[in-house]
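Reckoned from all heavy atoms, side chains included, excluding hydrogens, waters and symmetry mates. Please read all numbers here as calculations on a predicted model, not as lab measurements.
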Amino acid sequence: MLEGRALVKETDMSPKMQIHAMACASHALDLYDVSDCISVAAHIKKEFDSVYGNGWQCVVGSSFGCYFTHSSGTFIYFALETLNFLIFKGTSS
């Protein structure tokens, strides 16, 4: 598992949820090639939807920009291996 080597850049998630996010990302990298960012992101999104309810979004890649609104306590941005991971639950306002 690689989650111990992840670098959290920004988050407002609980520590327990952060650990889950990094473990889920590590597991996805075990299942899919590092170049298959779409499958990695889909795996993480499905896991978070299953555990924490629908509405999660996940972006995975080496270079991207974003601007979004999220529900409080549901945001993490971290680096693992050569990829950056953005996981958040959207909000309607």
Main-chain N/O of [Y] paired to [X] side chain as donor or acceptor, under 3.5 Å:
X: Ser14; Y: Met17; result: yes
X: Glu10; Y: Tyr77; result: no
X: Ser39; Y: Asp36; result: no

Straight-line distance of [X] [atom1] to [Y] [atom2], nearest 0.5 Å:
X: Lys16; Y: Ile19; atom1: NZ; atom2: CD1; answer: 9.5 Å
X: His27; Y: Glu47; atom1: NE2; atom2: CD; answer: 9.0 Å
X: Thr69; Y: Lys89; atom1: OG1; atom2: NZ; answer: 15.5 Å
X: His70; Y: Leu86; atom1: NE2; atom2: CG; answer: 9.5 Å
X: Gln18; Y: Ile76; atom1: CD; atom2: CD1; answer: 4.5 Å

Minimal non-hydrogen separation, Ser71 against Asp12, with atom names
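That closest heavy-atom pairing would be O-OD2, 4.4 Å.
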Kindly give the heavy-atom pair with the smallest separation between Ile44 and Ala25, and that separation in Å.
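Looking at all heavy atoms of both residues, the closest pair is CD1-CA, 3.8 Å.
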Spell out, yes or no, whether Ile38 and Tyr32 are grouped together once hydrophobic residues are joined by side-chain heavy atoms under 4.5 Å, including indirect joins.
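No, separate clusters.
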Among the clusters formed by ILVMFWY side chains lying less than 4.5 Å apart, do Phe64 and Leu80 turn up in the same one?
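Phe64 does not cluster with Leu80.
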Report all side-chain donor-acceptor pairs from residues 50-62 shorter than 3.5 Å, counting only partners two or more places apart or in another chain.
residue: Tyr52; atom: OH; partner: His20; partner atom: ND1; Å: 2.9
residue: Trp56; atom: NE1; partner: Gly53; partner atom: O; Å: 3.3

Could you please spell out the steps behind the side-chain contact (heavy atoms from CB on, under 4.5 Å) verdict for Asn84 and Lys9?
CA-CA 9 Å; Asn84 294 308; Lys9 297 181 178 184; 3.1 Å; yes
I'd like to check the ring pair (Phe, Tyr, Trp, His ring centres under 6.0 Å) partners of Phe78; sequence neighbours left out, ordered by chain and number.
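Here the qualifying residues are Phe85.
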Of Phe68, Phe75, Phe48, the residue whose pairing with Phe88 passes ring-ring contact (aromatic ring centres under 6.0 Å, His included):
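Among Phe68, Phe75, Phe48, the one meeting ring-ring contact (aromatic ring centres under 6.0 Å, His included) with Phe88 is Phe68.
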Are side-chain heavy atoms of Leu29 and Leu83 found at a separation under 4.5 Å?
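When only atoms from C-beta onward are counted, Leu83 and Leu29 do touch, with a gap below 4.5 Å.
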